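Here the structure comes first, spelled out in structure tokens, and everything after it is commentary.
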Amino acid sequence: MSVSLFDLFKIGIGPSSSHTVGPMRAAKEFADEALAHPTIGPDIADVEVHLYGSLAATGMGHGTLDAVVLGLEGNDPATIDPTEAWARAKDIDANGGLMLGGRVPVSLRPSTIVLHPLTFLPEHSNGMTFAVLDEDGNELDKRTMFSIGGGFVVDKEELEATRASEAAEGDSASGTEDDVKPIFQSGEELLRVCEENGITVSQAMLMRERQWRTDSEIRQGILDIWAVMEACIERGMQTSGVLPGGLNVRRRAATWHDALQLEDPNHRADNAFEWVSLAALAVNEENAGGGRVVTAPTNGAAGIIPAVMYYALTYLNYDDRDDVIVRFMLAAAAFGSLCKERASISGAEVGCQGEVGSASSMAAAGLAEVMGAKPRQVENAAEIAMEHNLGLTCDPVGGLVQVPCIERNAMGAIKSITAVRFAMRGNGEHFVSFDTVLETMRRTGKDMHEHYKETAMGGLAVTVPVSLPAC
Ligand code: SF4
């Protein structure tokens, strides 16, 4: 099982990789396959969708219902225009039906999707079932799918096969369905590859990525991803107003940006943490607003890596900007792939430590790499950033990716930079290894009560009184 950089960084839309991007992808996949089926396709007259567990409990706030109908119409999160998309979902609800695959009229609309917030399917907390019906209401085909975090989607059989292979390999989580054996499967193996070959972490990750793409495809793909991240920071810094969802959370990044720009037009080093926090805030406000973002490795934690890259590009001395971007992203992905393969990047599986913790760890690795750290120092930076996010629960108020998520990204970014400073003061020797801290994160997530795993049934989600508009 091997997770690529391009599995971790995916261009999509906000506000959630597991609750918006994943369900849209699942719905599109189901619709495409059903319509293409030679005997089923011609008889389809309607569609039925059920959402379970976390998707049902917090789906309204995450745009899940709209994402499902948009996916059923054939939209892809990577290419859909966010502004037109949300308007189209409203239109479908108002006018009573969608066009399956963009061509077959059916009656389903967001408000007729059936929600089961208290029913958790045994396989995963983010379950969905899709069924197509003929004109007499008979079921032609049915599929159960799961959004397992970071925009990844699997069906019941794939999930069962993955679990069976995990059980065979030992009690650890794993990544994609890919069969390619990676050149490293742990932090220790990554360090061995670096030391045996006299290469950096980013070079080791490049070797791994070469299994799927050429060097120029990898480089250009990374630069394209960064271009979307950078545009997201810029848009977020210019956009004001109130975020959707009913909490009436006001966007702060634009006002903050205008004031900071006046105070510090030249980005003084002593203001670095302010600018970094602002960049994280800008991205996560864009995400919460349903805008174009890059999952990194999830949408809820999408601001951390762009903000720390912003720090690197603003405050470090370098000759080749593109080279900094490519090396940063490769090193970040080296540790992100291990988070996905050996633990989880999903708030619904392990709480926020899997989202903000993984992103913070990845950003620390990326920054350490471009600051010239040795592989053991890079691994130390990734470990420190993860260690100090252990136990972090997922408890979004009102089920919206806003409070505490937006500020939490700024805190995660600052933690990454501090972790790099710690690591670079040392020689790479340290007490707790990345592998150990990752295993701790996985076990802590396993022990964590379901109330703290993206269900909005614990923590701030219940202690902060809110009254949201009815579904
Ligand atoms: S609290 Fe963390 S895991 Fe939960 S939605 Fe917010 S960012 Fe994601």
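Not measured: the values here are computed from a predicted model. Order of appearance sets the numbers: ligands from 1, and atoms from 1 within every ligand.
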Around [atom], find the nearest protein heavy atom and jot down its residue, atom name and distance.
atom                    : result
atom 6 (Fe) of ligand 1 : Cys405 SG, 2.2 Å
atom 1 (S) of ligand 1  : Arg408 NH1, 3.6 Å
atom 2 (Fe) of ligand 1 : Cys352 SG, 2.3 Å

> Can you name the N/O/S atom of Glu355 that is nearest atom 8 (Fe) of ligand 1?
Replying inline: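 Output for this pair reads OE1.
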
Less than 4.0 angstrom from a charged side-chain N to a carboxylate O is my criterion; do [X] and [Y] meet it?
X      : Y      : result
Arg376 : Glu379 : no
Glu29  : Arg25  : no
Arg251 : Glu286 : yes

> For Tyr452, does the OH atom have more than 12 heavy-atom neighbours from other residues, nucleotides or ligands under 6.0 Å away?
Replying inline: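 Atom OH in Tyr452 is not crowded, with 12 or fewer foreign heavy atoms closer than 6.0 Å.
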
> Ignoring hydrogens and geometry, is there a side-chain-to-backbone donor-acceptor pair from His62 to Thr64 under 3.5 Å?
Replying inline: no

> Does any N, O or S atom of Cys394, backbone or side chain, fall under 2.8 Å from atom 4 (Fe) of ligand 1?
Replying inline: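 Looking at Cys394, which is the residue asked about, there is an N, O or S atom under 2.8 Å from atom 4 (Fe) of ligand 1.
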
